[in-house]
Novice: 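Okay, here's the structure, questions in a sec.
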Amino acid sequence: MNTDELKSHVMTAVEKSWPQFRADHPALAQVIDQEMLGEHLVESLANDAEFKDAYEHAVAARVGAQALSALLARFVGIVLSRLT
């Protein structure tokens with residue numbers, strides 16, 4: 001996966017998770033820039049050996065885009081929960 005594809009998937013996951021995060025933590029949502037958060041997550045994943053390995057295994061196993069989106073959505077949810 002190239003960086004542009006990863007960014008697109010991560011930003012989609014952040015956008016889907018953001019309304020609930022904003023509802024649960026309105027003060028934090030006001031001070032966290034959604035775009036910067038997405039950029040940070042992309043950088044973290046792009047440099048993470050475990051993620052790269054998991055992605056390569058998923059591709060080898062022909063896991064679809066839906067599974068990748070679900071994985072990234074879960075990752076974004078975990079990151080957002082750790083912000084609180």
Side-chain angles (χ1 to χ4, degrees):
M1 169 185 311
N2 67 41
T3 304
D4 290 336
E5 290 173 322
L6 179 60
K7 181 177 180 179
S8 175
H9 287 292
V10 168
M11 292 309 294
T12 297
V14 170
E15 289 169 9
K16 286 181 179 178
S17 300
W18 199 256
Q20 185 63 53
F21 180 76
R22 186 177 53 234
D24 293 344
H25 309 285
L28 272 176
Q30 284 185 328
V31 297
I32 295 174
D33 183 280
Q34 197 174 343
E35 183 76 23
M36 288 180 70
L37 175 64
E39 293 288 337
H40 174 73
L41 295 176
V42 169
E43 185 178 316
S44 294
L45 286 172
N47 295 319
D48 187 282
E50 287 183 66
F51 173 77
K52 288 178 185 179
D53 186 52
Y55 177 75
E56 289 173 12
H57 281 88
V59 169
R62 298 184 183 254
V63 173
Q66 284 183 318
L68 177 60
S69 293
L71 173 68
L72 290 172
R74 184 170 175 230
F75 172 74
V76 168
I78 290 168
V79 170
L80 290 176
S81 72
R82 290 182 178 170
L83 292 175
T84 59

Novice: Can you list the residues that meet the ring-ring contact (aromatic ring centres under 6.0 Å, His included) rule with F21, with sequence neighbours excluded?
Specialist: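 Listed in chain order: W18, H25.
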Novice: Can you tell me how far CG of L28 sits from CG of L83, rounded to the nearest 0.5 angstrom?
Specialist: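 Those atoms lie 7.0 Å apart.
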Novice: State whether the side chain of N47 and the backbone N or O of E43 hold a donor-acceptor pair below 3.5 Å, judged by distance alone.
Specialist: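 Between the backbone of E43 and the side chain of N47 there is a qualifying donor-acceptor contact (under 3.5 Å).
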Novice: Taking salt bridge (charged side-chain N to carboxylate O under 4.0 Å, His left out) as the cut-off, I'd like each qualifying pair that reaches into residues 72-84, sequence neighbours left out, listed once.
Specialist: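 Qualifying pairs: none.
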Novice: Tell me, please, which residues at least two apart from D24 pass side-chain hydrogen bond (donor to acceptor under 3.5 Å, both in side chains).
Specialist: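 Residues passing side-chain hydrogen bond (donor to acceptor under 3.5 Å, both in side chains) with D24: Q20.
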Novice: Mind checking side-chain contact (heavy atoms from CB on, under 4.5 Å) for E35 and listing every partner two or more places apart, or none if nothing turns up?
Specialist: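 Residues passing side-chain contact (heavy atoms from CB on, under 4.5 Å) with E35: K7, M11, D33, E39.
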Novice: Find the distance between CG (L6) and CG (L41) and round it off to the nearest 0.5 Å.
Specialist: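 One finds 9.5 Å between CG of L6 and CG of L41.
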Novice: Go through it in stages, so that I can follow the logic: the residues are L37 and L80, the test is side chain to side chain contact (heavy atoms under 4.5 Å, CB included), and I'd like the CA-CA distance, side-chain angles, deciding distance and then a yes or no.
Specialist: CA-CA 10 Å; L37 175 64; L80 290 176; 3.6 Å; yes
Novice: So, using side-chain hydrogen bond (donor to acceptor under 3.5 Å, both in side chains) as the criterion, who are the partners of D4 when residues are at least two apart?
Specialist: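 D4 satisfies side-chain hydrogen bond (donor to acceptor under 3.5 Å, both in side chains) with no residue once adjacent residues are dropped.
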Novice: What are the two closest non-hydrogen atoms of S17 and V76, and how far apart are they?
Specialist: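 Smallest interatomic distance, heavy atoms only, reads OG-CG1, 3.8 Å.
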Novice: Can you check side chain to side chain contact (heavy atoms under 4.5 Å, CB included) on V10 and F75, steps first, answer last?
Specialist: CA-CA 9 Å; V10 168; F75 172 74; 5.9 Å; no
Novice: Same cluster or not: V31 versus M36, using hydrophobic residues (I, L, V, M, F, W, Y) connected whenever any side-chain heavy atoms lie under 4.5 Å apart?
Specialist: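 No, separate clusters.
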